[in-house]
Amino acid sequence: MTTMTDTALAEFKMPDVGEGLTEAEILKWYVAPGDTVTDGQVVCEVETAKAAVELPIPFNGVVRELRFPEGTTVDVGQVIIAVDVSGGSAPAPEAAAEPQAAPAAAPEPAPEAEPAGRQPVLVGYGVAESSTKRRARKAVDSADASVAPAAPVAVPEPAAPREPVRVNGHGGGSRPLAKPPVRKLAKDLGVDLATVTPSGPDGIITREDVHAAVAPAPQPEPVVTGAPAPAAAPVPAPAPQVSTDGRETRIPVKGVRKATAQAMIGSAFTAPHVTEFVTVDVTRTMKLVEELKQDKAFEGLRVNPLLLISKALLVAIKRNPDVNATWDEPNQEIVQKHYVNLGIAAATPRGLIVPNIKDAHDKTLPELAESLGELVSTARAGKTSPAAMQGGTVTITNVGVFGVDTGTPILNPGESAILAVGAIKLQPWVHKGKVKPRQVTTLALSFDHRLVDGELGSKVLADVAAILEQPKRLMTWA
């Protein structure tokens with residue numbers, strides 16, 4: 001992850017923040033040359049083929065060089081930032097402008113060695129035993145190898161280091177174990193991780209631990225630290241190209257959108273899709289939605305039809321567990337899942353992503369509402385982590401928000417079924433022998449016909465429809 005040079009410079013390399021990813025695009029730098037950084041401070045945001053991720057630096061020091069400008073796609077393993085960890089101050093602008101004219105400096109003190117057994121990592125803990133297979137490196141112009149942003153970047157002032165204390169059962173001076181998203185959550189909520197009792201494996205602090213220890217605290221205003229050195233203008237990211245006659249525009253496909261396209265092609269031509277449809281009267285469900293909005297158990301939570309549709313699908317899966325499976329092509333086996341990681345398709349500026357709610361089958365209705373709210377807000381903010389999009393078993397896509405009646409959804413790779421929910425509209429409907437205006441929607445269920453036959457798929461779709469027509473079945477069938 002990092003390397004040390006003879007001049008006490010620590011080099012931070014682009015990590016593999018997903019599962020075998022080979023490259024990432026630098027979206028935004030939060031620091032500039034001359035800024036002081038501390039262990040765990042987020043220094044940049046990158047976009048992989050799966051999501052946008054914030055990268056924390058694993059050591060203390062002063063930023064000397066940003067190797068790539070914003071908008072550059074960098075291979076995993078390339079150095080992206082160099083930090084002076086010797087404790088020196090930022091270089092003077094003259095020295096930065098004419099590096100070869102400066103006199104030779106005396107050797108700086110060697111950096112303090114890392115504690116035995118600790119290796120700096122970016123996401124999670126521990127270092128992969130095998131190296132990531134990399135594709136051929138893109139050709140990069142040598143003049144761009146050390147380009148830094150042309151203007152200072154506003155960043156939070158680093159917090160003063162804590163006194164060595166015994167933290168979470170570890171030795172004196174040890175640092176609380178928490179992944180970067182959890183550290184950011186704690187920072188946003190004003191929670192000192194040193195005071196949080198961990199519940200995760202190996203003493204790792206989870207999001208739930210942070211929420212349980214919430215203590216409001218004022219947040220400092222962002223300030224500019226350090227004196228950025230003069231730098232060349234950043235190389236712009238590939239932009240849409242308009243033809244000379246103005247009749248066509250070519251848009252580079254990369255990141256999340258490129259990965260989505262490849263995944264959908266693989267899914268469409270690997271799994272034999274079958275789609276079934278049903279139109280259902282959801283008037284009673286819509287009434288229940290309005291009642292739940294007034295319930296104290298849902299105070300502060302977002303209650304909408306998607307919540308009850310999600311619960312209806314979870315109940316249908318419980319009644320028909322064989323639908324919750326995946327096809328293992330190499331071993332020619334059907335792998336049944338005894339848990340449900342419920343995926344929710346979300347349209348974002350970076351493309352379609354499908355984060356999932358882990359162990360959704362174990363959640364109460366208020367807990368499911370809270371999880372849906374967090375999932376949607378995180379996706380809209382472009383902060384969905386790669387881990388949140390891995391391990392899904394079944395997905396819901398709500399095309400109704402666009403006023404669309406229905407569709408034939410394509411399976412998320414590795415999953416057996418996906419439910420599309422159409423627009424809920426007031427339509428004439430035969431109710432108790434009379435034609436009346438009722439709230440009606442159309443559901444579409446696509447499934448992998450290798451492991452889900454027509455009977456099983458029909459039962460699942462019929463159960464979802466029956467629950468939405470008579471939501472009291474959520475209690476009698478659950």
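Since this is a predicted model, take the numbers as computed values, not measurements.
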Do [X] and [Y] make a side-chain contact, defined as non-hydrogen atoms from C-beta onward lying under 4.5 Å apart?
| X | Y | value |
| --- | --- | --- |
| Trp327 | Glu333 | no |
| Glu291 | Asp295 | no |
| Leu468 | Leu443 | yes |
| Glu25 | Leu27 | yes |
| Thr393 | Ile317 | no |
| Glu290 | Met286 | no |
| Met14 | Phe68 | no |
| Leu474 | Ile467 | yes |

Checklist entry - Any salt bridge (charged side-chain N to carboxylate O under 4.0 Å, His left out) pairs touching residues 355-364, not counting sequence neighbours? => result none

Does [Y] offer a backbone N or O that forms a donor-acceptor pair with the side chain of [X] under 3.5 Å?
| X | Y | answer |
| --- | --- | --- |
| Ser416 | Ala325 | yes |
| Thr441 | Ala423 | yes |
| Thr378 | Leu375 | no |
| Thr397 | Ala420 | no |
| Thr406 | Gly422 | no |
| His273 | Leu411 | yes |
| Thr38 | Gln41 | no |

Please find the pair of heavy atoms, one from [X] and one from [Y], that lie closest to each other, and give the distance.
| X | Y | value |
| --- | --- | --- |
| Arg450 | Asp448 | NH2-OD2, 2.7 Å |
| Tyr339 | Gly391 | CE1-O, 4.4 Å |
| Phe447 | Gly454 | CZ-CA, 4.4 Å |
| Asp453 | His449 | CA-CE1, 3.6 Å |
| Ser310 | Leu342 | CB-CD2, 3.7 Å |
| Pro15 | Leu55 | CD-CD1, 4.1 Å |

To the nearest 0.5 Å, tell me how far [X] [atom1] sits from [Y] [atom2].
| X | Y | atom1 | atom2 | result |
| --- | --- | --- | --- | --- |
| Gln439 | Leu426 | CD | CG | 5.0 Å |
| Asn304 | Lys293 | CG | NZ | 7.5 Å |
| Thr408 | Leu445 | OG1 | CG | 12.0 Å |
| Asn412 | Ser446 | CG | OG | 12.0 Å |
| Thr283 | Glu469 | OG1 | CD | 9.0 Å |
| Cys44 | Glu70 | SG | CD | 9.5 Å |

Side-chain ion pair, [X] and [Y], N-O less than 4.0 Å:
| X | Y | result |
| --- | --- | --- |
| Glu455 | Lys459 | yes |
| Lys296 | Glu299 | no |
| Arg473 | Asp463 | no |

Next on the checklist: I'd like to know whether Asp405 forms a side chain to side chain contact (heavy atoms under 4.5 Å, CB included) with Phe277, so could you lay out the CA-CA distance, the side-chain angles of the two residues, the decisive distance to 0.1 Å, and finally the verdict.
Outcome noted: CA-CA 11 Å; Asp405 291 333; Phe277 308 88; over 6 Å; no

Checklist entry - Do Leu368 and Leu314 pass the side chain to side chain contact (heavy atoms under 4.5 Å, CB included) test, and can you show the C-alpha distance, the side-chain angles, and the key distance before you say yes or no? => result CA-CA 11 Å; Leu368 188 60; Leu314 293 171; 4.0 Å; yes

Next on the checklist: Is it the case that over 12 heavy atoms from other parts of the model lie below 6.0 angstrom from the CZ atom of Arg302?
Outcome noted: no

Next on the checklist: Between Thr442 and Thr279, is there a side-chain donor-acceptor contact under 3.5 Å, judged purely by atom types and distance?
Outcome noted: yes

Can you name the one residue among [options] that meets side chain to side chain contact (heavy atoms under 4.5 Å, CB included) with [X]?
| X | options | value |
| --- | --- | --- |
| Val340 | Ile357, Asn324, Asn356 | Asn324 |
| Lys434 | Lys432, Lys436, His431 | Lys436 |
| Val37 | Ile81, Val42, Ile57 | Ile57 |

Checklist entry - Could you walk me through whether Leu292 and Leu308 pass the side chain to side chain contact (heavy atoms under 4.5 Å, CB included) check? => result CA-CA 10 Å; Leu292 293 179; Leu308 296 184; 4.1 Å; yes

Item to check | Leu419 and Leu461: CA distance, side-chain angles, deciding distance, side chain to side chain contact (heavy atoms under 4.5 Å, CB included) verdict | outcome: CA-CA 8 Å; Leu419 178 69; Leu461 186 58; 4.0 Å; yes

